K.L.:
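Before I ask anything, let me first share the structure, which is written out below as C-alpha cells.
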Amino acid sequence: TLAPAVPIEQIPATLSRLGESERDQNLSAELLRRWASDSHGTAAQWAAALPDEQSRHNALRTVAAQWAGTDLQTAHQWAQTLDGAARDVVITTLATEAASQNPLDALHLALEIQESVARANAVSFAVAQWAADDPQAALDWTVRVTDAQVRQQLDRRMTPVLAEADPVFPYKIGETS
C-alpha cells in the first residue's frame, strides 16, 4: 500500500487531500494508525478537530485503539478532555481494547460511558472477557449489578461463556435465581 511511503510529517496534509472512496478511506485509516503510533497527542488533536461528526468519531476510534495499546492511562486522560459524544466514542474504544488484557480496567472505563446502550455493551463485553479467564469472579461481580439494561446484556453475554467453562452452569443459574 501507499501508507508506508508517506513520511510521518506529511500524514496530516495527505489525510486532508483524501476523498470518500473506499480506497481513500482505507488509506486514511492506515495513515492515521501510523501517525497515532508515532505521535498520539498530535493525531488525537487532529482527529478531535474534524468537522464532520462521523469522520471525527471514526478518527477518534482509530487514535484511541492505537493509544490504548501503549498507554491506556494517558489515553483515558485525553478522553476526559473531549465533549460528551466524542468522549463516549473514545472511552468505548478504550474499554474494548483493554478488555482482553485487563477486564477490570475495561469495566471501570465502560462504567464512565454516558450513553446507556453503549455502556451496557461495553460492560458486557468486558465481563465476557473476564469470564473467559475467571468465570466465578466475573459471575460474582455481575450478580451485584443493579442496572436492568446492563444486567440483561450481561446475562446474554455471560451465559454462553460460563456454559463453555462449566457445562453444568445453566443448571446452577436456576439454583441462585
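Values below: every heavy atom of this structure, side chains too, minus hydrogens, waters and symmetry copies. As the structure is a computational prediction, the values presented were derived from the model and not from experiment.
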K.L.:
Can you give each donor-acceptor pair under 3.5 Å made by side-chain atoms of residues 3-12, sequence neighbours left out, with the distance rounded to 0.1 Å?
P.N.:
none

K.L.:
Side chain to side chain contact (heavy atoms under 4.5 Å, CB included) with S100: which residues, sequence neighbours excluded?
P.N.:
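Counting only residues at least two positions away or on another chain, S100 forms a side chain to side chain contact (heavy atoms under 4.5 Å, CB included) with Q129.
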K.L.:
Rounded to the nearest 0.5 Å, what separates atom CG in L27 from atom CG in L15?
P.N.:
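These two atoms lie 7.5 Å from each other.
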K.L.:
Applying a strict under-4.5 Å side-chain criterion to I, L, V, M, F, W and Y, I'd like to know whether L104 and F125 cluster together.
P.N.:
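In one cluster with L104: F125, no.
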K.L.:
Return yes if some donor-acceptor pair links the side-chain N/O of D24 with the main-chain N/O of L18 below 3.5 Å, else return no.
P.N.:
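Pair absent, no side-chain N/O of D24 close to backbone of L18.
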K.L.:
Enumerate the residue pairs fulfilling ring pair (Phe, Tyr, Trp, His ring centres under 6.0 Å) with a member in residues 69-96, sequence neighbours excluded, ordered by first and then second residue.
P.N.:
W67-W78
K.L.:
Please check: side-chain N/O of Q25 versus main-chain N/O of G19, any donor-acceptor pairing under 3.5 Å?
P.N.:
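Yes; at least one donor-acceptor contact below 3.5 Å.
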K.L.:
Might you point out which heavy atoms bring N121 and S124 nearest each other, and give the distance in Å?
P.N.:
O-OG, 3.0 Å
K.L.:
Hydrophobic clustering (ILVMFWY, side-chain heavy atoms < 4.5 Å, transitive) - are V143 and L107 grouped together?
P.N.:
yes
K.L.:
Atom CZ of R56 and atom CG of L82: how far apart are they, to the nearest 0.5 Å?
P.N.:
9.5 Å
K.L.:
Which atom names give the shortest non-hydrogen contact between E112 and R87, and what distance separates them?
P.N.:
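Minimum heavy-atom separation between E112 and R87: O-NH1, 3.2 Å.
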K.L.:
Tell me the closest heavy-atom pair linking D71 and T74, and the distance in Å.
P.N.:
OD2-OG1, 2.6 Å
K.L.:
Identify every side-chain donor-acceptor pair in residues 59-66 under 3.5 Å, counting partners at least two apart or on other chains, and give the distances.
P.N.:
unit_1, atom_1, unit_2, atom_2, d
R61, NH1, H57, O, 3.4
R61, NH1, N58, OD1, 2.9
T62, OG1, N58, O, 3.1

K.L.:
With no hydrogens and no angle check, is any side-chain donor or acceptor of T93 less than 3.5 Å from a backbone partner on V89?
P.N.:
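Indeed, once roles are kept as given, a pair shorter than 3.5 Å links the two residues.
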K.L.:
Does Q77, at its CD atom, have more than 12 non-hydrogen atoms belonging to other residues, nucleotides or ligands within less than 6.0 Å?
P.N.:
yes
K.L.:
Shortest non-hydrogen contact from A126 to P103?
P.N.:
O-CB, 3.7 Å
K.L.:
Is there a side chain to side chain donor-acceptor pair (under 3.5 Å) between Q136 and D140? Walk through the geometry before answering.
P.N.:
CA-CA 6 Å; Q136 190 60 53; D140 292 345; 2.8 Å; yes
K.L.:
Between A95 and A106, which heavy-atom pair has the shortest distance, and what is it?
P.N.:
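It is O-CB, 3.2 Å.
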K.L.:
Would you give the length of the straight line joining atom CZ of R34 to atom CG of L31, rounded to the nearest 0.5 angstrom?
P.N.:
6.5 Å
K.L.:
For H40 and A36, work out which heavy atoms get closest and say how close.
P.N.:
CD2-O, 2.8 Å
K.L.:
State, yes or no, whether a side-chain contact exists between D147 and V123 at a heavy-atom distance under 4.5 Å.
P.N.:
no
K.L.:
So do the side chains of D134 and W141 get within less than 4.5 Å of each other, counting heavy atoms only?
P.N.:
no
K.L.:
Check side chain to side chain contact (heavy atoms under 4.5 Å, CB included) between T42 and all other residues, then give those that pass, not counting sequence neighbours.
P.N.:
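Testing T42 for side chain to side chain contact (heavy atoms under 4.5 Å, CB included), a comparison that skips the adjacent residues, returns W35, S39.
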K.L.:
Has Q73 got more than 12 heavy atoms of other residues, nucleotides or ligands less than 6.0 Å from its CD?
P.N.:
no
K.L.:
Got a sec, which residues hit salt bridge (Lys or Arg N to Asp or Glu O under 4.0 Å) with E97, two or more places apart in sequence or on another chain?
P.N.:
none
